[in-house]
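Have a look at the structure below before the remarks.
Keep in mind that this is a model prediction, so the values were computed, not measured.
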Number of protein chains: 2
Amino acid sequence: MADTGEAENGVGAAPKGTVTQRAIEQIKAMIAEGRLEPGQRLPTERDLAARLGISRSSMREAIRALTVLGVLEARHGSGIYVTQLEAGDLLETFGVVADLSRGPRLVELLEVRRVLESTATALAAARITADQLAEVEKHLTAMNVTDDPEEILAHDLAFHRVIAGAAGNDTMAAILDGLSSRTFRARVWRGYEEEGAFARTRREHAAIHRALVARDPEAARAAAAAHVGEVEQWLRTQLREQL
Amino acid sequence: MADTGEAENGVGAAPKGTVTQRAIEQIKAMIAEGRLEPGQRLPTERDLAARLGISRSSMREAIRALTVLGVLEARHGSGIYVTQLEAGDLLETFGVVADLSRGPRLVELLEVRRVLESTATALAAARITADQLAEVEKHLTAMNVTDDPEEILAHDLAFHRVIAGAAGNDTMAAILDGLSSRTFRARVWRGYEEEGAFARTRREHAAIHRALVARDPEAARAAAAAHVGEVEQWLRTQLREQL
DNA sequence: GAGCTGTAGTGGTCAGACCACCTGGCTGGT
DNA sequence: ACCAGCCAGGTGGTCTGACCACTACAGCTC
């Protein structure tokens with residue numbers, strides 16, 4: 001193994017970017033090409049570093065980067081593994097966008113959510129199972145018997161999560177999950193709920209549930225779009241007033 | 001070393017996860033709380049490490065992680081800066097999902113794209129400017145006068161990118177950009193274009209363009225949905241046959 | 001004043017050491 | 001033969017300190 005063989009390396013010597021960046025691309029490529037399967041264990045950090053001719057520190061940075069991206073998973077004392085590469089794993093970082101966005105971008109995010117949530121709810125109306133519907137009802141009633149904002153928020157999230165799951169598109173569900181991250185909603189709702197929006201929210205949720213029971217996709221789409229749209233419009237006016 | 005630092009830190013001593021993970025959260029929190037503004041320069045790696053009571057190596061891993069997430073940007077010899085935190089910065093990682101997805105998830109991604117692309121195209125029909133429309137036409141004709149798949153692909157991407165940009169929702173545009181990443185499309189198209197789909201694609205693009213010129217959102221929505229839906233359906237049958 | 005140059009400071013990389021944790025085999029008993 | 005407990009090796013996690021590559025800027029030269 002003349003690893004980075006100094007003289008004759010020819011093409012491979014393309015010094016593009018940092019060595020860490022290169023390592024990231026190489027590992028990503030290995031997975032994309034199927035040389036690394038989901039769940040499979042990678043060589044040790046020390047091995048990988050030696051193999052690519054870089055130091056362990058640099059390799060660790062590459063691994064850390066792929067870890068936060070949800071591509072790899074490091075288990076202390078055991079080894080490094082490729083995740084299952086499922087939608088949830090890879091789209092976890094989507095929450096960061098929601099958490100760090102402010103001002104106009106919050107409206108944009110809600111607009112995206114409105115589009116996706118209404119579609120997901122419509123799909124769910126056609127595909128939801130009895131069990132899933134029962135769970136939706138569970139969160140709906142739980143939301144109505146308490147006044148603790150924290151609890152309401154939790155059941156609200158779960159309510160939509162079950163519906164998104166019933167739509168049968170894990171990728172869409174994962175994106176919606178990110179768009180509804182706890183901190184994101186908490187920030188927006190802090191003001192929203194203080195305007196007597198609780199009652200309205202409950203009405204809207206009931207409408208969504210009704211459409212699901214009736215297995216009416218169009219009604220479900222409309223109800224979901226209206227639900228998100230309410231918050232969206234409220235946020236728009238909020239932003240306008242702040243300026 | 002007073003390890004967990006000052007007294008006022010309170011609960012901060014909670015030894016949750018790795019020190020690097022903690023550092024990531026702390027920097028993220030600083031940005032979320034507004035203590036770090038977009039574009040602002042951070043202290044040096046050495047300073048940050050000392051401030052959080054960790055080694056430079058660990059801090060570097062944290063910085064690297066936030067760099068790949070598009071939150072920070074490191075400039076060799078100059079310093080570390082917070083990015084503008086625009087949609088494009090933070091959603092760059094979305095391409096990774098598209099690149100590492102295979103099988104059924106590709107269909108799911110196209111389904112998401114169909115929903116968003118049709119909405120974006122509808123919005124664009126109402127908002128697109130003359131200049132943007134001219135650019136759309138440029139890519140449309142350029143796509144029709146060449147037979148080089150690479151070039152066609154490039155103009156195809158640009159065609160949709162301009163439209164997404166004209167929709168006025170940067171976040172949506174950034175997501176669509178990720179969903180149409182070069183490698184993703186190249187993989188799907190490799191087979192698609194070999195079935196005489198070129199002509200059909202050109203017809204569909206022409207239909208989208210017509211709807212934009214007519215400023216007809218509904219027609220634009222339908223044309224875009226049909227366009228993506230074609231590829232989606234083709235992929236569905238492909239997957240079915242492979243099994 | 002414009003242009004060059006040197007230098008201090010920054011991120012990038014490397015090497016080696018130690019720690020914390022998991023795993024699997026061995027030991028000893030039953 | 002079986003099982004619980006111990007133990008050693010290997011792995012990721014962390015720290016240290018050194019050097020390199022690059023940038024920025026002050027100060028010098030012309």
Side-chain angles (χ1 to χ4, degrees), chain A residues 1-6 9 12-27 30 36 39-83 89, chain B residues 1-5 12-27 30 36 39-83 89:
Chain A
M1 319 257 188
D3 46 38
T4 64
E6 12 291 327
N9 201 339
K16 60 164 183 179
T18 70
V19 292
T20 301
Q21 194 60 38
R22 232 178 310 166
I24 293 175
E25 302 297 341
Q26 296 200 37
I27 295 179
M30 282 193 240
L36 283 177
Q40 184 176 338
R41 191 191 146 171
L42 277 71
T44 70
E45 294 180 343
R46 294 162 174 90
D47 270 8
L48 280 170
R51 221 174 279 203
L52 301 189
I54 66 179
S55 73
R56 194 185 159 205
S57 321
S58 301
M59 178 53 72
R60 271 190 63 78
E61 287 185 26
I63 292 170
R64 171 72 62 179
L66 290 170
T67 295
V68 302
L69 289 180
V71 176
L72 298 182
E73 178 190 358
R75 299 181 205 158
H76 192 170
S78 172
I80 307 165
Y81 302 79
V82 181
T83 68
D89 299 323
Chain B
M1 276 205 220
D3 42 57
T4 63
K16 60 169 178 179
T18 69
V19 292
T20 302
Q21 194 60 40
R22 231 179 312 165
I24 293 175
E25 301 299 340
Q26 297 201 37
I27 295 179
M30 281 194 242
L36 284 177
Q40 184 176 340
R41 191 192 145 170
L42 278 71
T44 70
E45 294 180 343
R46 294 160 173 90
D47 269 8
L48 281 170
R51 216 173 284 203
L52 300 189
I54 66 179
S55 73
R56 195 185 158 204
S57 326
S58 301
M59 179 53 73
R60 273 190 61 79
E61 287 186 27
I63 292 170
R64 171 72 61 178
L66 290 169
T67 296
V68 302
L69 289 180
V71 176
L72 299 183
E73 178 190 359
R75 299 181 206 157
H76 193 169
S78 171
I80 307 166
Y81 301 79
V82 182
T83 68
D89 299 323

Could you go step by step and tell me if A:Val82 and A:Leu72 meet the side-chain contact (heavy atoms from CB on, under 4.5 Å) rule? CA-CA 5 Å; A:Val82 181; A:Leu72 298 182; 4.1 Å; yes
Would you please confirm or rule out a distance under 4.0 Å between OP1 or OP2 of D:dT11 and any side-chain N or O of A:Arg75?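 Result: no.
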Verify the contact: side-chain N or O of A:Arg64 to OP1 or OP2 of D:dT14, cut-off strictly under 4.0 Å; return yes or no.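 So the side-chain polar atoms of A:Arg64 do come within 4.0 Å of the phosphate oxygens OP1 or OP2 of D:dT14, strictly under.
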Return the value, rounded to whole Å, for the distance between atom [atom1] of [X] and atom [atom2] of [N].
| X | N | atom1 | atom2 | answer |
| --- | --- | --- | --- | --- |
| A:Leu72 | D:dT11 | CG | C1' | 15 Å |
| A:Ile80 | D:dG10 | CD1 | P | 17 Å |
| B:His76 | C:dG11 | NE2 | C1' | 5 Å |
| A:Glu45 | C:dA15 | CD | P | 15 Å |
| B:Gln21 | D:dT14 | CD | P | 10 Å |
| A:Glu61 | D:dT14 | CD | P | 13 Å |
| B:Arg41 | C:dG9 | CZ | P | 12 Å |
| A:Glu73 | D:dG13 | CD | P | 11 Å |

Any N or O donor-acceptor pair under 3.5 Å from the base of D:dG12 to the side chain of A:Arg46?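 Indeed there is one.
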Would you say the side chain of A:Thr18 and the base of C:dT13 hold a donor-acceptor pair, judged only by whether the two atoms sit under 3.5 Å apart?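 By the distance-only test, no, there is no pair.
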Base, sugar-phosphate alone, or nothing: which one does [X] contact when heavy atoms must sit under 4.0 Å apart?
| X | value |
| --- | --- |
| B:Ile54 | sugar-phosphate |
| B:Ser58 | sugar-phosphate |
| A:Thr44 | sugar-phosphate |
| B:Ile63 | nothing |

Closer to the 5' end of DNA chain C via nearest nucleotide, is it A:Arg56 or A:Ser78?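 Nearest-nucleotide comparison on DNA chain C picks A:Arg56.
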Distance, nearest 0.5 Å, that separates [atom1] of [X] from [atom2] of [Y]:
| X | Y | atom1 | atom2 | value |
| --- | --- | --- | --- | --- |
| A:Ile27 | A:Leu66 | CD1 | CG | 5.5 Å |
| B:Ser55 | B:Glu45 | OG | CD | 11.0 Å |
| B:Thr44 | B:Met59 | OG1 | CE | 10.0 Å |

Options C:dA15, C:dG12, C:dC21, nucleotide nearest the side-chain atoms of B:Ala74: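 Comparing C:dA15, C:dG12, C:dC21 against the side chain of B:Ala74, the answer is C:dG12.
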Measure from the side chain of A:Arg60, starting at C-beta and using heavy atoms only, and say which of C:dT10, D:dT11, D:dT14 lies closest.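 Given the options C:dT10, D:dT11, D:dT14, the side chain of A:Arg60 is closest to D:dT14.
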A:Ile24 to A:Ala65 - nearest heavy-atom pair and separation: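 That would be CD1-CB, 3.6 Å.
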